2 protein chains.
Amino acid sequence: MYGYVGTMRTTPGNRDEVVKLLLSGADGLRSAGCHMYVVSVSESDLELIHVTEAWESKEQHDASLQLPETRAAIAKAMPLMTGEFTSQELTVVGGLGL
Amino acid sequence: MYGYVGTMRTTPGNRDEVVKLLLSGADGLRSAGCHMYVVSVSESDLELIHVTEAWESKEQHDASLQLPETRAAIAKAMPLMTGEFTSQELTVVGGLGL
């Protein structure tokens with residue numbers, strides 16, 4: 001299983017709006033091959049958003065970025081972000097909640 | 001919801017054994033207040049294990065470390081590890097799979 005762990009930084013005051021945008025399409029991702037899509041924030045860094053994902057395959061993850069609703073959410077979020085992203089690709093071995 | 005993201009480094013050749021130990025108790029964690037406990041590995045760093053967790057509360061997460069089966073797994077894993085750990089506490093806002 002393909003794992004993706006990433007962070008993104010928003011401009012001050014825009015974190016919650018971007019979180020809302022990220023979560024707005026989450027339910028639709030299961031049919032695209034997503035097993036887990038979790039959005040978290042940090043109490044110590046108020047502009048940082050963490051996303052933890054598990055997908056059936058990297059191909060399905062990458063294809064999801066072309067979904068209309070995903071592209072729409074990204075287009076709305078981009079102006080609220082600094083452009084600072086980190087990402088890490090992992091292999092999900094297993095666990096609870098998948 | 002309390003989020004915990006951590007990494008641990010094993011000594012060479014011991015990663016899969018430690019992954020097995022971590023996953024051995026995963027199913028029992030739901031009754032302890034765990035919503036997500038995912039173990040991942042990295043293709044680019046063969047001794048590194050990533051753990052991503054979501055718990056009803058920090059207190060329930062911390063208490064789980066005292067569970068007999070968790071303590072037993074940790075005791076078996078420790079000799080296979082270098083002692084290099086990273087951890088980050090987050091607030092899980094929501095998503096798919098929780």
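Naming: A, B, ... by sequence-line order, numbering from 1 per chain. Note that the structure is a prediction, hence the values are computed from the model and not measured.
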| note | Most contact-rich option vs chain B, by heavy-atom pairs under 4.5 angstrom, among C34(A), S42(A), G94(A), G95(A), is G94(A)
| query | Quick one: are S40(A) and V38(A) in side-chain contact, heavy atoms under 4.5 Å? | reply | yes
| query | Between the side chains of T11(A) and T82(A), is a donor N or O closer than 3.5 angstrom to an acceptor N or O? | reply | no
| field | L23(A) portion near chain B, given a 4.5 angstrom heavy-atom threshold | value | side chain
| Hey, are T91(B) and E43(A) close enough side-chain-wise for a donor-acceptor pair under 3.5 Å? | yes
| query | Which region of H50(A), side chain (C-beta onward) or backbone (N, CA, C, O), has a non-hydrogen atom less than 4.5 Å from a non-hydrogen atom of chain B, or is it both or neither? | reply | side chain
| request: Between chain B and each of D45(A), V92(A), V19(A), L29(A), count heavy-atom pairs under 4.5 Å; write down the option with the most. | output: V92(A)
| With distance as the sole criterion, is a donor-acceptor pair present between the side chains of Y4(B) and E89(B) under 3.5 Å? | no
| Do NZ/NE/NH1/NH2 and the carboxylate oxygens of K58(B) and D62(B) come within less than 4.0 Å? | yes
| task | Counting only heavy atoms closer than 4.5 Å, note whether E53(A) contacts chain B via side chain, backbone, both or neither. | result | neither
| said: With side-chain contact (heavy atoms from CB on, under 4.5 Å) as the test, pick out the partner of M8(A) among L48(A), I49(A), L80(A). | reply: I49(A)
| request: Could you check which of V39(A), V51(A), D27(A), V5(A) has the highest count of heavy-atom pairs closer than 4.5 Å to chain B? | output: V39(A)
| note | Whatever's closer than 4.5 Å to a heavy atom in chain A on T52(B) counts as side chain
